[in-house]
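Structure record follows, encoded as structure tokens.
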Amino acid sequence: MPLLKDGRIVEDHWQFIGDDDDIPVQGDIVVSFERLKNSIEILVMRKGYLGVRLDNDADAHDLAPYINNLALIALEFPAFTDGRAYSQARLITTQLNFTGELRATGNVLADQGVFMSRCGFDAFEIDEHQPPHLWLSLANAMSLAYQKGYRARAGFSPRAVVASRVG
Amino acid sequence: MYRYDEFDATFVRQRVAQFREQVARRLEGGLSEDEFKPLRLMNGLYLQLHAYMLRVAIPYGTLSSRQMHKLADISVKYDKGYGHFTTRQNIQFNWPELKDVPDLLDELADVEMHAIQTSGNCIRNVTADHFAGVAVGEVEDPRPVAELIRQWSSLHPEFTFLPRKFKIAVIGTREDRAVMKSHDIGLRIVRNDGGDTGYEVHVGGGLGRTPMVSRLIRAFLPRPDLLNYLEAIIRVYNLIGRRDNKYKARIKILLHETGKQEVTRLVEKEFDQLKKQNDAVSPAEYERIAAYFQDPAYEDTDFNLDAFDEKRKQHPQFNLWLNSSLSEHRQRGYSIVTVSLKPIGGIPGDASAEQMHGVATCAEKFSLSEIRVSHEQNLVLPFVKKQDLFELWQGLKKLDLATPNVGLASDIIACPGMDYCALATARSIPIAQDISNRFADLERQHDVGELKIKISGCINACGHHHVANIGILGLEKKGVEFYQITMGGEAGENTAIGTVIGRGFSGTEVIDAVETLVDTYVELRQENETFASTYSRLGVTPFKEALYATA
């Protein structure tokens, strides 16, 4: 899956580690929340950055004790119609004040890019058939939004949502 | 009424341009139907049995004459010359072509209208009391807050892919004309002892296959907290509402399974967080919107009661129409007029282009160019001077819009049913037409009095049959349609869900069955009793006996 960040395809230096896989000695890794909880002492001792993937039925507040150890949180859209991760992203960025990479994984479509960005996502595992220029042109389609509190994260697009008004 | 500022206008235009691009991608094959479906639904475009159907939002049911003229023009240019007003105060066009829809939406934008969020699992068009702003005893006009919610919920980034659709209704009176308690969230504007304005917050109402009356979770929510509280409710729902079964995905099921107490606790906890983090509703923004809903400059009218009474005597039809079509206005000398979209034997809620133009013109002459759509699928002229009533009646009569049956047996709510809808299991329109024809004698209808008959063509209950005096649900068994009757339902302040009274009937039998129920009431009623009060005094037994004893 190409990784879209800051409006372009970037190299993905993160390794996603399965629950039965060995933890590599080096490199930046993403583990499940279960593994994060169970192995946090080991995980924080190793070199390389640490990330977690959170199922979309998990309570994002449970990440609170670990939030300062994390450089990436990956949330999942099992189907693009399943919108739980929007609320998780919102909780993570506004209540846990997470500022690292918040990545959208799964059925991630360009037409929802602006919504995701405004809820706090800044990295997107995108479909090959939807190249970055499509994401950017869709992001530029709407320059206005009503919800003041939902600002697109920097770097998504040159002008996604320039003005807002209520709530 | 509300007028778009540059922000609103640009927002809607950009949205149309975006959808134009999505339609182009769909037509060129760049989007599959599966990918296109949620995008078109977000813009109100359904794929029905025979064609696409576009549902246009009429926020809180308020239309200007200019907008109504435009809807009429659209119905001619892009449809077959008519439109269908729905139980959610919207209008549906049944025959647009996909390639034309972006142009149609641009024409709607010309008159400050759109079809955003009239479908899909998002916050739907906000509804309100159709007598808003003119109702007697209103604490405050519910439309400014409905407009605020319309804006706040439009393309909400977090709440566009909810477990299921989400409906909000707002009222400002004790009487509930908006079936507020059958909505996911119902708000009632109230004033507390300190004189502050706020809201009762009712959550978890709904019809469908599991009808439920909403529960009060906040008796007084201060105005500045409104959007934060809505955000809290919908976030909790988005996170923990069921998604494994679409029939159990509405917030009513969450309330039912998780419990009112627990849901309330979660909402209040989230709300406490949000209050710290978000701005409250800005008084300036609220006032900016509310300014559009100020009372008009009412005139002192030179209403001559004697002359009026003389007209009533001379024209019994006019008299009959007055008796069913008028509601009390808060301003002396004015009336609220309900315009029946239920001609005898007609299709409930349908209006031809000529009728739409005609009503728009009547509103220009007699109702300050304002029209409302009621959830009962009628239109309302909210500012009619009593002295103009006769002339208005004559005008409506020419348009075949003066049937004196508002609130009576043939003022039937019916969903489109099998004639249009892809979900329907039976036809509803022909049943409504047959019942209407059976009660064609309007003197008889007036004698029977207030009666709510509501028909749904499937278990989804778009025709509100659960909250009817006589509810009819169309089902199908082995390829044959049959109709179940429910009784004891009520919309309004004392919302109640009706119960099925016995075995179902064929499409012909059910017309007789309804008549039997009505005759039974007429026989048993005491002085001044309505159908509903006779039913609540006697219960279902005499009605059941009359229906099934001889069978």
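Per chain, numbering begins at 1; letters A, B, ... match sequence-line order.
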Answer yes or no: does atom CD of B/Glu33 have more than 12 heavy-atom neighbours from other residues, nucleotides or ligands under 6.0 Å? yes
Could you grab the distance from atom SG of A/Cys119 to atom NE2 of B/His156, nearest 0.5 Å is fine? 7.5 Å
Flag side-chain contact, heavy atom, 4.5 Å: B/Leu155 against A/Phe115: yes
With a 4.5 Å heavy-atom cut-off, do A/Leu91 and B/Gln273 have their side chains touching? no
Segment of A/Asp57 engaging chain B (4.5 angstrom heavy-atom cut-off): neither
Under 4.5 Å from any heavy atom of chain A - which part of B/Arg235: both
Are more than 12 heavy atoms, taken from residues, nucleotides or ligands other than B/Asp244, located less than 6.0 Å from that residue's CG atom? yes
Let me know if B/Arg25 has heavy atoms under 4.5 Å from chain A in its side chain, its backbone, both or neither. side chain
Using a 6.0 Å cut-off, check whether atom NE2 of A/His129 has over 12 heavy atoms from anything other than its own residue. no
Over all heavy atoms of both residues, which pair between B/Pro157 and A/Tyr86 is shortest? Give the atoms and the distance, please. O-CD2, 3.5 Å
Using non-hydrogen atoms and a 4.5 Å limit, figure out which bit of B/Leu226 sits close to chain A: side chain, backbone, both or neither. neither
Which distance, rounded to the nearest 0.5 Å, do you find between the OG of A/Ser87 and the CZ of B/Phe159? 5.0 Å
Nearest-0.5 Å distance that lies between atom OG1 in A/Thr81 and atom CG in B/Leu162: 11.5 Å
Tell me the closest heavy-atom pair linking A/Ala145 and B/Phe11, and the distance in Å. CA-CE1, 4.3 Å
Measure B/Glu158 against the heavy atoms of chain A and call it side chain, backbone, both or neither at under 4.5 Å. both
In terms of heavy-atom proximity below 4.5 Å to chain B, should A/Leu138 be classed as side chain, backbone, both, or neither? both
When the 4.5 angstrom heavy-atom criterion is applied to B/Arg150 and chain A, the contacting part is side chain
Determine whether a donor-acceptor pair (N or O, by modelled atom type, separation under 3.5 Å) exists between the side chain of A/Asp111 and the backbone of B/Leu39. no
Is a side-chain donor or acceptor of A/Gln147 paired with a backbone partner of B/Ser154 at a separation under 3.5 angstrom? yes
Is it the case that the side chains of B/Glu270 and A/Gln95 hold a donor-acceptor pair, with the cut-off being a distance below 3.5 Å and no angle test? yes
Segment of B/Thr160 engaging chain A (4.5 angstrom heavy-atom cut-off): side chain
Residue B/Asn121 versus chain A: region with a heavy atom under 4.5 Å: neither
Quick check on B/Gln261: does its CD atom have over 12 non-hydrogen neighbours (other residues, nucleotides or ligands) under 6.0 Å away? no
Are the side chain of B/Gln151 and the backbone N or O of A/Tyr146 linked by a donor-acceptor pair below 3.5 Å? no
Got a sec: does the NZ of A/Lys37 have more than 12 other heavy atoms crowding it under 6.0 Å? yes
Side-chain heavy-atom pair B/Phe161, A/Asp82 within 4.5 angstrom cut-off: no
Which pair of heavy atoms, one from B/Asn238 and one from A/Gly83, lies closest together, and at what distance? ND2-O, 3.1 Å
What pair of heavy atoms forms the shortest contact from B/Arg15 to A/Met142, and how long is it? N-SD, 3.4 Å
Heavy atoms of other groups near A/Tyr49 OH, more than 12 under 6.0 Å: no
In terms of heavy-atom proximity below 4.5 Å to chain B, should A/Gln88 be classed as side chain, backbone, both, or neither? both
Between B/Tyr286 and chain A, which part of the residue has a heavy atom less than 4.5 Å away: side chain, backbone, both or neither? neither
